[in-house]
Amino acid sequence: SDIEEFKKFSKQMIDYVANYFVTIENRNVLPKVQPGYLTSLIPPKAPIEPEKWETIMEDIEKVIMPGVTHWRHPHFHAFYPTANSFPSLVADILVNALSAPGFSWMSMPVSTELEMIMMNWIADLIGLPEQFKFSANSSGGGVIQGFASDATYFTLLLARARVTENNLCQNILSKLVMYTSDQANSSVIKAALLAGVKLHYVDTDEMFALNGESLEKIIKQDRENGLIPFYLCATLGTTASCAFDNLQKLGPICNKEKIWLHVDAAYAGSSFVCEENRHFMAGVELADSFNFNLHKWMLVNMDCSALWMKDKNEVNNAFNVDPIYLKVSSGTEMPQYRQWQIPLGRRFRSLKIWFTLRLYGQNGIQNHIRNHQYLAREFEKMVLADDRFEICYPVTMGLVCFRMKGSNEINEKLNISISAEGSIYIIPAKLGDKYILRFVITYENTNIEHLTFAWDNIKKHAQLIQT
Ligand code: PLP
């Protein structure tokens, strides 16, 4: 409404946010509210008359904060990190102010052009092969999707379009089969459901990774049964244990069998900014598409998921809808990014990448990744020093999988006890039949004291459940 009021309250909000960051450790990482807590704090209908900024600001602590799970908290060790950096936050102020859905070059030229340049910057940063980049020598290109789930679903639809040429008669649909492992993220299963195709799990090896042999076997069996294998989603850095599927083994099989190979590196993809981690993606040149979330481990705020595909012509043509109101007379040589995603409108997400990469530099991002890998190994040492506990999977990234020696039940009890107190937040996973606990380094400035705090808390609850 009033520009002076906007200036006053936006500055006040920045101060509030800065203070939140500085004092976050005074808050419990997990909220204490019960389901439905908000209905007693908010009226059932929107106000008739306008309210004042001041009352809204006062309500933040009273109404909103009690229901916040603090993902930026140093004691948040659940799931995988969700990035949060100052450059990203500030960039999004401008993006929100511009509020432009850049679905074509003309609708927001800088959005398309900065996105293309950023996708090439990031491809170089993580050592992706030239074939995935926008360049004169390649037919590849990248696009920013919201989430890894979007990238999987979109590439699955592209692969489906490739084999069916968009002739989705039930006869063909019912024969299509896609593959992944039972360690793949839930989003892969959801993509199969959304696309209406069969999903077959390929057996993993003893390291919970796909390595090729079982893929060949299942393809042969499925072909004999009249099915059409068309898509494999491999994972680099699985959600449960950060296992890496073997692209060197999977790639040649997929290429030979004309199966689209998509790589979901949602979390671990950021780590390839450090050369010493790149052996985990050996064989990536054989993939059709590759995706990782900058909003997980590369310090760019949610949502920001980078997807590269090898053939931009295929993308441009697969779902091309061009009514007269979207036809453009200039910028036609640019990617029409609305064809590279499901919605028409799109956010100007490349600005926060540009701010973040410039303010950290390659060195800053590498230091961030290496520091988290170092801290995970330090936490592993703490676990190994206590003979009541065991490590359940090799520690390579920022994740430590551990458990108390003994039954699944005792570990379930331990998890419940830790969550009920809520001073730290970890989540469980299943590796085979084993119930394990996952400890992830998430906060950018985590230090050894934070780890000691967490480990003391875990040991305290281990003691509690045994008395
Ligand atoms: N893939 C993997 C391996 C993940 O670990 C996750 C989330 O943790 C996802 C996909 C889903 O990511 P998004 O929330 O961006 O869809």
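Computed from a predicted structure; not experimentally measured. Whatever order the structure lists ligands and atoms in, that order sets their numbers, starting from 1.
You'll find the ring centres of F79 and W71 inside the 6.0 Å limit.
Atom 8 (O) of ligand 1 has as its closest protein heavy atom K296 CE, 3.1 Å. Nearest non-hydrogen protein atom to atom 6 (C) of ligand 1 is N185 ND2, 3.3 Å. Protein heavy atom in closest approach to atom 5 (O) of ligand 1: T239 OG1, 2.9 Å. Considering only non-hydrogen protein atoms, atom 14 (O) of ligand 1 sits nearest to F147 CD2, 3.7 Å. When only non-hydrogen protein atoms are considered, atom 1 (N) of ligand 1 lies nearest to D264 OD2, 2.6 Å. Atom 16 (O) of ligand 1 has S149 OG, 2.4 Å as its closest protein atom, hydrogens excluded (heavy atom only).
Atoms of ligand 1 found under 4.0 Å from any heavy atom of N293, numbered from 1 in the order shown, are 12 (O), 13 (P), 15 (O). Close approach to H295 involves these atoms of ligand 1, each under 4.0 Å from a residue heavy atom: 15 (O). Close approach of ligand 1 to G237 (heavy-atom distance below 4.0 Å) involves ligand atoms 3 (C).
Using a 4.5 Å heavy-atom cutoff, the side chains of F76 and H70 are not in contact. Y360 is not listed as a side-chain neighbour of N367, based on a closest heavy-atom distance of 4.5 Å or more. Proximity of V315 to L158: side-chain heavy atoms (C-beta onward) are separated by under 4.5 Å at one or more points.
With a 4.0 Å heavy-atom cut-off, ligand 1 is reached by the side chain of S187 but not by its N, CA, C or O.
Sorted pairs that involve residues 187-210 and meet ring pair (Phe, Tyr, Trp, His ring centres under 6.0 Å), not counting sequence neighbours, are lacking altogether.
Proximity of Y80 to ligand 1 is established by a heavy-atom distance of less than 4.0 Å. Heavy atoms of S305 come nearer than 4.0 angstrom to ligand 1 in no pair at all.
Within 6.0 Å of the CE atom in M404, the count of heavy atoms belonging to other residues, nucleotides or ligands exceeds 12.
Among R347, R349, R346, the one residue that satisfies the salt bridge (Lys or Arg N to Asp or Glu O under 4.0 Å) test with E115 is R346.
Under the 3.5 Å distance criterion, with hydrogens and angles disregarded, no donor-acceptor pair is assigned to the side chains of N293 and Y80.
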